[in-house]
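Here's the structure we're looking at; comments come further down.
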Amino acid sequence: MSHKKTQVGSLYIVVIFVLVIMGFLASSLGRIEWSNSDSHAKDVMGLQASFLAHSANELVLRDIYPPRAVLTDVFDVAGSCSAVNGTTRNIPSAVNCEEVEVNCEPRGGVLADGRQMYVLNSVAVCGTGINEMRRSQEVWLRE
């Protein structure tokens with residue numbers, strides 16, 4: 001028997017082994033690329049939700065503390081806070097976001113000078129399904 005005849009099938013085994021390994025590597029790289037794309041989408045949705053929550057707080061603060069004609073004018077923080085508690089704000093955005101929920105409630109007790117502390121909290125939700133991101137922002141204010 002010839003020595004050449006016993007080595008005929010070994011090349012096929014090496015070729016199949018290399019093809020299997022290359023296929024595994026290609027599928028792994030595809031999964032990594034999808035994961036990076038998904039992560040980027042979540043970052044964009046989260047950032048948009050954060051900006052919307054911040055914008056809603058700014059809008060409500062403008063309503064609670066409107067420009068004064070005279071510096072001695074006082075603000076009705078308690079009345080304004082109860083008026084905006086549980087409301088929603090519709091702020092246009094480039095991505096799929098819901099209306100921003102705004103809550104304002106007294107918290108933290110009364111300060112030494114007799115003023116009440118309030119917490120203004122806005123919650124924004126952007127995206128749907130697996131890419132849904134929820135961000136909230138609190139602002140403390142006083143009478």
Side-chain angles (χ1 to χ4, degrees), residues 4-143:
K4 193 174 189 182
K5 216 172 199 182
T6 60
Q7 296 180 357
V8 171
S10 64
L11 182 62
Y12 292 127
I13 293 172
V14 171
V15 168
I16 291 172
F17 181 73
V18 168
L19 287 175
V20 167
I21 294 298
M22 295 299 271
F24 176 72
L25 287 175
S27 75
S28 295
L29 289 174
R31 277 191 235 133
I32 289 171
E33 181 61 31
W34 177 84
S35 176
N36 287 342
S37 173
D38 185 53
S39 175
H40 179 70
K42 287 182 180 181
D43 285 344
V44 169
M45 293 293 177
L47 189 60
Q48 183 71 38
S50 179
F51 284 148
L52 285 175
H54 179 79
S55 295
N57 279 342
E58 292 290 329
L59 287 171
V60 172
L61 284 173
R62 186 196 62 200
D63 294 342
I64 292 175
Y65 297 112
R68 298 187 276 190
V70 181
L71 288 178
T72 56
D73 288 347
V74 293
F75 301 111
D76 182 20
V77 176
S80 298
C81 190
S82 64
V84 300
N85 191 25
T87 62
T88 58
R89 299 288 170 131
N90 188 7
I91 303 170
S93 66
V95 294
N96 182 21
C97 295
E98 298 175 7
E99 292 181 332
V100 182
E101 182 182 334
V102 178
N103 291 306
C104 186
E105 59 187 17
R107 195 186 312 160
V110 179
L111 298 174
D113 62 358
R115 295 181 186 181
Q116 174 69 47
M117 295 295 294
Y118 294 89
V119 174
L120 174 63
N121 184 24
S122 294
V123 179
V125 178
C126 290
T128 57
I130 194 169
N131 289 328
E132 181 178 286
M133 302 302 289
R134 177 181 302 268
R135 297 288 185 264
S136 67
Q137 187 182 63
E138 277 188 358
V139 177
W140 285 73
L141 42 133
R142 64 186 171 121
E143 287 182 302

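Since the structure is predicted, the reported quantities are computational estimates derived from the model, not experimental observations.
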Can you give me every donor-acceptor pair (side chain of residues 135-143, partner residue at least two apart or in another chain, under 3.5 Å) with its distance?
from	atom 1	to	atom 2	distance (Å)
Q137	OE1	H54	ND1	3.2
Q137	OE1	N57	ND2	3.2
Q137	NE2	H54	ND1	3.2
E143	OE1	Q116	N	3.1

Atom CE in M133, atom OG1 in T128: separation rounded to 0.5 Å? 12.5 Å
Contacts of E58 meeting salt bridge (Lys or Arg N to Asp or Glu O under 4.0 Å) (sequence neighbours excluded), chain-then-number -> none
Say whether N103 and E105, considering side chains only, have a donor N or O and an acceptor N or O under 3.5 Å apart. no
Please name the residue in the list E101, E99, E98 that meets the side-chain hydrogen bond (donor to acceptor under 3.5 Å, both in side chains) test with T88. E99
Evaluate the side-chain proximity of C104 to V60: yes if any heavy-atom separation is below 4.5 Å, no if none is. no
Of the non-hydrogen atoms in Q48 and C126, which two are nearest, and what is the gap between them? CG-SG, 4.0 Å
How far apart are the closest heavy atoms of A56 and V100, and which atoms are they? CB-CG1, 3.5 Å
Over all atoms of both residues, closest heavy-atom pair of F75 and P66: CE2-O, 3.3 Å
Where A78 and Y118 come nearest, the two heavy atoms and their spacing: CB-OH, 3.1 Å
Interatomic distance, CZ@R134 vs OG@S50, rounded to 0.5 Å, equals 14.0 Å
Atom of S122, atom of V102 and distance for their closest heavy-atom approach: OG-CG2, 3.7 Å
If I take atom CG from residue D43 and atom CG from residue N131, how far apart are they, to the nearest 0.5 angstrom? 10.5 Å
Quick one: list whatever passes salt bridge (Lys or Arg N to Asp or Glu O under 4.0 Å) with D63, sequence neighbours left out. R89
